[in-house]
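Below is one structure, written out as structure tokens, with a few remarks after it.
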Amino acid sequence: MSAANYGGPQVNPAADWYNDWSSRTPLVTRYTLQTLTVLYMFSWFSSASMALINIPYYTVFKFEIYRLILAPLFVDSFFSLLFIVISFSSMGARLEYSIGSAQVLALMGTLSLLTNLLFTFFCFLMATFGTYEALFFQCQGFWGVLMGLIVIECLESPDGHRRLFFLPTPIPTKYYPLALFALFTMFGGFNLGMALSMAVGFAYQKGYLDMIKPNSATIQRWEQGCLAQFTLRQNYISASSAAGAGAWSMEAPSGDGAGASPFAGIFGGGGGGGGGQGQGQPQGSHAMHGQQPGR
């Protein structure tokens with residue numbers, strides 16, 4: 001007989017799954033996915049989340065600058081949200097264990113800000129040449145961050161192949177972002193914001209944005225200052241405890257196996273061990289160690 005018949009506590013599989021997921025997912029990845037899900041559900045009942053979308057006219061003439069950062073938080077499609085959850089749950093968690101929560105937050109903020117700045121610039125450029133409706137084009141959704149991350153990942157580890165959904169032939173890894181973009185364009189039309197996100201990711205991986213990357217000293221100041229309260233929360237990965245390349249050899253948060261970190265070379269590693277989560281640290285590469293001293 002069930003425990004309920006004896007007056008024992010009832011088991012809630014959904015709550016058990018959520019608690020288990022929360023306990024093994026690092027802070028920034030967890031907060032990001034939770035925020036996207038809550039705002040998507042909120043959009044069923046209210047259009048207030050439309051205020052997050054980067055529409056150049058409102059961003060500039062109404063001085064609603066916050067749209068440049070918050071636009072990725074707007075998700076208007078269940079299938080888009082589902083794919084983001086599937087992709088970012090594993091990618092974001094391993095990346096965060098590898099380089100730390102603050103560095104992941106800085107990376108996503110950089111991708112969002114630069115993508116939306118470029119989008120706004122191109123829309124005003126089109127308006128200058130007579131396409132005035134471009135001022136009301138929209139840049140929205142987490143793809144403005146996720147596509148940049150995918151480009152960085154694939155360029156850092158370009159060898160090998162990947163399968164793209166239902167396609168029977170594997171795609172060379174270095175061409176995977178372009179194939180994914182082509183597939184989205186085929187079914188949803190050209191997306192300027194997504195294309196710009198890929199361009200920003202390319203520039204980031206090639207070291208063209210090294211001057212704006214926060215170094216370890218800057219990250220430590222953040223963790224002692226504005227992020228101090230967050231460092232006390234469950235599964236916050238500090239810069240000193242980031243596991244480096246070892247984070248990619250441990251069991252994936254989704255339960256899948258893991259290989260060597262495609263991000264390890266671009267970001268380098270943190271301090272030793274990451275709480276026993278991984279072994280060893282990467283040697284690092286030009287993308288991290290070639291940056292300028294702290295700003």
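Gln34 and Tyr18 share a side-chain donor-acceptor pair at under 3.5 Å. Checking Arg233 against Tyr31 by side-chain atom types alone, a donor-acceptor pair falls below 3.5 Å. A donor and an acceptor atom, one from each side chain of Asp76 and Gln140, are located under 3.5 Å apart. Using modelled atom types, one finds a donor on one side chain and an acceptor on the other under 3.5 Å when comparing Glu96 with Ser101. The closest side-chain donor-acceptor pair between Asn215 and Thr218 falls under 3.5 angstrom. In this model, a donor atom of one side chain and an acceptor atom of the other lie less than 3.5 Å apart for Ser238 and Ser241.
Phe42 and Val85 end up in different hydrophobic clusters when Ile, Leu, Val, Met, Phe, Trp and Tyr side chains are linked at under 4.5 Å. Met198 and Tyr208 fall within a single hydrophobic cluster, where Ile, Leu, Val, Met, Phe, Trp and Tyr side chains are chained together by heavy-atom contacts under 4.5 Å. No continuous path of ILVMFWY side-chain contacts below 4.5 Å connects Leu232 to Leu105, so the two sit in separate hydrophobic clusters. Linking Ile, Leu, Val, Met, Phe, Trp and Tyr whenever their side-chain heavy atoms come within less than 4.5 Å puts Leu117 and Tyr66 in one cluster. Cluster annotation: Phe142 and Val38 are assigned to distinct hydrophobic clusters (Ile/Leu/Val/Met/Phe/Trp/Tyr, side-chain heavy-atom contacts under 4.5 Å, transitive).
Note that CD1 of Ile171 and SG of Cys154 are 11.0 Å apart. Values are rounded to the nearest 0.5 Å. Between the OH atom of Tyr204 and the OG atom of Ser197 there is a distance of 13.0 Å, given to the nearest 0.5 Å. The distance from atom CD1 of Ile84 to atom CZ of Phe79, rounded to the nearest 0.5 Å, is 13.5 Å. Summarising the geometry, atom OG1 belonging to Thr59 is positioned 8.5 Å from atom CZ belonging to Phe124; distances are rounded to the nearest 0.5 Å. The OG atom of Ser240 sits 7.0 Å away from the CD atom of Gln220 when rounded to the nearest 0.5 Å. Once rounded to the nearest 0.5 Å, the distance linking CZ of Arg67 with CG of Leu52 reads 8.0 Å.
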Leu33 vs Thr25, test: side chain to side chain contact (heavy atoms under 4.5 Å, CB included). Steps then yes/no.
CA-CA 10 Å; Leu33 293 175; Thr25 304; 5.6 Å; no

Between Val75 and Leu39, is a side chain to side chain contact (heavy atoms under 4.5 Å, CB included) present by the stated rule, with each step listed?
CA-CA 7 Å; Val75 180; Leu39 288 177; over 6 Å; no

Verify side chain to side chain contact (heavy atoms under 4.5 Å, CB included) between Gln103 and Ile219, making sure each step is shown before the conclusion.
CA-CA 7 Å; Gln103 192 71 266; Ile219 294 296; 4.2 Å; yes

Run the side chain to side chain contact (heavy atoms under 4.5 Å, CB included) test on Leu209 and Val200 for me, step by step, so that the C-alpha distance in whole Å, both residues' side-chain angles and the decisive distance to 0.1 Å come before the verdict.
CA-CA 9 Å; Leu209 303 179; Val200 173; 4.2 Å; yes

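Remark: Phe230 engages no residue in a ring-ring contact (aromatic ring centres under 6.0 Å, His included) (not counting sequence neighbours). When the ring-ring contact (aromatic ring centres under 6.0 Å, His included) test is applied to Phe137, no partner is found at least two apart in sequence or on another chain. With sequence neighbours left out, the side chain to side chain contact (heavy atoms under 4.5 Å, CB included) criterion links Leu180 to Met147, Ile150, Leu164, Phe165, Tyr176, Phe184. Residues meeting the salt bridge (charged side-chain N to carboxylate O under 4.0 Å, His left out) test with Glu133, sequence neighbours left out: none. Listed by chain and residue number, nothing satisfies the side chain to side chain contact (heavy atoms under 4.5 Å, CB included) test with Thr169 (two or more places apart in sequence, or in another chain).
The minimum heavy-atom distance linking Gly109 with Ile69 is given by the pair O-CD1, 4.2 Å. When all heavy atoms are compared, the tightest approach of Ala102 to Tyr236 is CB-OH, 3.6 Å.
Applying the 6.0 Å contact sphere to CZ of Phe136 captures more than 12 heavy atoms from other residues, nucleotides or ligands. Within 6.0 Å of atom OH in Tyr58, 12 or fewer heavy atoms from other residues, nucleotides or ligands are found, so the atom counts as exposed in its surroundings.
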Sequence neighbours excluded and cut-off under 3.5 Å, please list the side-chain donor-acceptor pairs for residues 185-195, or say none.
residue: Thr185; atom: OG1; partner: Phe181; partner atom: O; Å: 2.8
residue: Asn191; atom: OD1; partner: Gly193; partner atom: N; Å: 3.1
residue: Asn191; atom: OD1; partner: Met194; partner atom: N; Å: 2.9

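Taking 4.5 Å as the limit, every side-chain heavy atom of Ile237 sits out of range of all side-chain heavy atoms of Leu27. Residues Trp143 and Ser80 have side chains in contact (heavy-atom distance under 4.5 Å, counting atoms from C-beta outward). Ile212 is listed as a side-chain neighbour of Leu114, based on a closest heavy-atom distance under 4.5 Å. The closest side-chain heavy-atom distance from Glu64 to Tyr57 is not below 4.5 Å. The shortest side-chain heavy-atom distance between Leu95 and Thr29 does not fall under the 4.5 Å cut-off.
Thr110 places a side-chain N or O within donor-acceptor distance of the main-chain N or O of Ala106, the cut-off being under 3.5 Å. A donor-acceptor contact shorter than 3.5 Å is absent between the side chain of Thr131 and the backbone of Ala134. With hydrogens and angles disregarded, a donor-acceptor distance shorter than 3.5 Å links the side chain of Ser43 to the backbone of Tyr40. Proximity of a side-chain donor or acceptor of Glu223 to a complementary backbone N or O of Ala239 within less than 3.5 Å is detected. Remark: the backbone N or O of Gln234 is paired with a side-chain donor or acceptor of Arg30 at under 3.5 angstrom. Distance alone, capped at 3.5 Å, places no donor-acceptor pair between the Thr115 side chain and the Ser112 backbone. Side-chain atoms of Asn235 come within 3.5 Å of backbone atoms of Ser23 as a donor-acceptor pair (strictly under, hydrogens ignored). Asn19 places a side-chain N or O within donor-acceptor distance of the main-chain N or O of Ala15, the cut-off being under 3.5 Å.
Proximity of the aromatic rings of Trp44 and Phe78 is defined here by a centroid distance below 6.0 angstrom, and this criterion is not met.
Salt bridge status for Arg162 with Glu153: present, with a side-chain N to carboxylate O gap under 4.0 Å.
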